[in-house]
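Residue numbers start from 1 in every chain, and the chains themselves are labelled A, B, ... in the order their sequence lines are given, proteins ahead of strands. Bear in mind that the values here come from a model prediction, so they are computed numbers and not experimental data.
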2 protein chains.
Amino acid sequence: MFSKACEYGIKASIFIALSSYKGVRVSLKGIAKEINSPEAFTAKILQDLVRHDVINSIKGAHGGFEIEKTLISSIKLSHIVNAIDGDSIYSGCGLGLDTCDEDHPCPVHHKFKSVREELKFMLENTNLEELALNIKSGASFLKM
Amino acid sequence: MFSKACEYGIKASIFIALSSYKGVRVSLKGIAKEINSPEAFTAKILQDLVRHDVINSIKGAHGGFEIEKTLISSIKLSHIVNAIDGDSIYSGCGLGLDTCDEDHPCPVHHKFKSVREELKFMLENTNLEELALNIKSGASFLKM
DNA sequence: TTTAATTCGGATAATTTTATCCTATTTTTA
DNA sequence: TAAAAATAGGATAAAATTATCCGAATTAAA
Ligand code: FES
Ligand code: FES
């Protein structure tokens with residue numbers, strides 16, 4: 001469904017959010033360990049998220065990644081997915097036609113539309129706060 | 001959402017179904033032209049679909065691909081997707097955990113589950129007949 | 001002011017997906 | 001029986017994605 005990059009990006013963001021609530025800044029190394037992802041590749045993805053203002057980075061000793069506490073609840077999964085994979089999941093044609101166009105639909109257009117819109121709605125209505133809290137409470141997990 | 005291979009596979013199957021209703025066998029060349037796909041790559045995918053008994057192939061002059069008329073309505077999108085992309089869309093974890101496990105869920109598990117199940121339901125309840133008829137009536141299109 | 005701990009960014013490599021090419025095989029028809 | 005029209009399948013190439021490596025820049029602390 002999502003690219004590896006996007007999967008790592010989502011998991012990293014959740015962990016950063018969780019740590020930010022605790023007031024601790026996390027390093028690339030710590031993130032990669034926690035979400036079980038390749039370190040250097042994860043670095044690229046985090047850079048991307050920084051550029052898209054999803055997370056903040058602080059260079060140098062005692063540096064790391066964080067998210068401003070007050071913003072965590074307003075960051076939606078859709079922001080992360082958009083930053084990394086773009087909007088093709090929502091806007092592109094499920095069968096690869098040049099554009100998804102109501103007036104020139106592919107054979108699965110009407111059937112796919114509702115699924116895609118449910119996905120879109122879900123991504124736009126799920127924020128990092130709730131995901132982080134579920135990790136905190138032990139209701140969900142970031143690896144294995 | 002789907003791989004290119006899967007997109008081509010779905011479109012090819014629809015076109016083969018449509019042709020089979022008309023009683024004409026279609027060649028690789030004809031298919032690739034109709035669905036705007038690379039010929040040799042499409043050939044590989046069609047071979048796959050033949051091996052998985054989704055379509056039939058007839059070698060030699062006047063050969064080509066076809067689907068037994070009586071079977072068209074019983075072939076579901078899920079058969080095609082499964083043959084080409086496998087079942088990872090349904091069964092795999094959306095965030096790439098080793099397994100999607102209710103007892104060890106990833107942070108998005110519960111939110112994703114319903115989307116994935118709607119997708120699964122849609123694929124399992126959409127057959128080639130209806131898709132082919134929509135092409136026939138001009139209600140949907142296979143390229144551009 | 002030096003050192004250590006970091007992120008940043010460019011270059012490169014490995015893997016997977018997508019695509020192409022060419023030959024073999026099968027089948028119909030002339 | 002020979003030729004032509006097809007699919008089958010192996011080998012290879014191109015492109016995209018995933019992953020690694022290393023030096024540069026930045027910052028805090030000793
Ligand atoms: S045209 Fe294919 S999904 Fe809309
Ligand atoms: S555990 Fe991730 S989707 Fe079920």
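- Dashed line: the shortest gap from a side-chain N or O of B:Q47 to OP1 or OP2 of D:dG9 is under 4.0 Å.
- By the criterion of side-chain heavy atoms lying less than 4.5 angstrom apart, applied directly or through intervening Ile, Leu, Val, Met, Phe, Trp or Tyr residues, B:L133 is not grouped with B:I55; the two fall into different hydrophobic clusters.
- Legend: residues meeting ring-ring contact (aromatic ring centres under 6.0 Å, His included) with A:F41, ordered by chain and number and at least two apart, are A:Y8.
- A straight line from CD of A:E39 to C1' of C:dA5 spans 13 Å, rounded to a whole angstrom.
- You'll find the side chain of A:C106 reaches within 4.5 Å of the side chain of A:H109, heavy atoms only.
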Sort me out a list of protein N/O and nucleotides 10-13 of chain C N/O pairs below 3.5 Å, or just none if empty.
residue, atom, partner, partner atom, Å
C:dG10, N7, A:K44, NZ, 3.1
C:dG10, O6, A:K44, NZ, 2.5

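- B:Q47 places a side-chain heavy atom less than 4.5 Å from the side chain of B:R51.
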Identify the pairs formed between an N or O of the protein and an N or O of nucleotides 27-30 of chain C at a distance under 3.5 Å, and give each distance.
residue, atom, partner, partner atom, Å
C:dT27, O2, B:A61, N, 3.2

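- Annotation: A:K120, atom NZ; neighbour count of heavy atoms from other residues, nucleotides and ligands within 6.0 Å does not exceed 12.
- The aromatic rings of A:F112 and B:F2 lie perpendicular to each other, with more than 60° between the two planes, well past the 30° mark.
- Regarding A:F65, its CZ atom lies at a distance of 13 Å from the C1' atom of C:dA5, rounded to whole Å.
- The distance between atom CZ of A:R25 and atom P of C:dT7, rounded to the nearest whole Å, is 10 Å.
- Terminal axes of the helix from C:dT1-D:dA30 to C:dA30-D:dT1 (five pairs each, C1' rotation axis) are separated by 10°, to the nearest 10°.
- C:dG9 atom C1' lies 13 Å from atom CG of A:L28, rounded to whole Å.
- Remark: C1' of C:dT6 and CD of A:E66 are 14 Å apart, rounded to the nearest angstrom.
- The NZ atom of B:K76 sits 11.0 Å away from the CD1 atom of B:I80 when rounded to the nearest 0.5 Å.
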Steps toward side-chain contact (heavy atoms from CB on, under 4.5 Å) verdict (B:E39, B:L28): CA-CA 7 Å; B:E39 208 172 300; B:L28 167 64; 3.7 Å; yes
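- Within the 4.5 Å cutoff, no side-chain heavy atoms of A:I75 are placed close to those of A:N127.
- A:V115 and A:L77 end up in the same hydrophobic cluster when Ile, Leu, Val, Met, Phe, Trp and Tyr side chains are linked at under 4.5 Å.
- Between B:R116 and B:C100, some side-chain heavy-atom pair lies under the 4.5 Å cut-off.
- In this structure, the CD1 atom of A:I84 is 13 Å from the P atom of D:dA19, given to the nearest Å.
- Per the geometry, NZ belonging to B:K29 stands 9 Å off P belonging to D:dA5, to the nearest Å.
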N/O contacts under 3.5 Å, protein versus nucleotides 13-18 of chain D?
residue, atom, partner, partner atom, Å
D:dT18, OP1, A:K4, N, 3.0

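- Residues B:Y21 and B:L142 share a single hydrophobic cluster, defined by chaining ILVMFWY side chains whose heavy atoms lie under 4.5 Å apart.
- In this structure the side chain of B:L97 reaches within 4.5 angstrom of the side chain of A:K11, judged on heavy atoms.
- Between A:E7 and B:G96, the closest heavy-atom pair is OE1-CA, 3.2 Å.
- B:M122 is connected to A:L119 through a chain of hydrophobic side-chain contacts under 4.5 Å among Ile, Leu, Val, Met, Phe, Trp and Tyr, so both are in one cluster.
- Rounded to an integer number of Å, the gap from CG of B:L46 to C1' of D:dA8 is 12 Å.
- DNA chain C is contacted by A:R51, A:S57 of residues 49-57 of chain A, taking any non-hydrogen atom closer than 4.0 Å.
- Between B:E66 and B:R25, at least one side-chain nitrogen of the basic residue sits less than 4.0 Å from a carboxylate oxygen of the acidic one, meeting the salt-bridge criterion.
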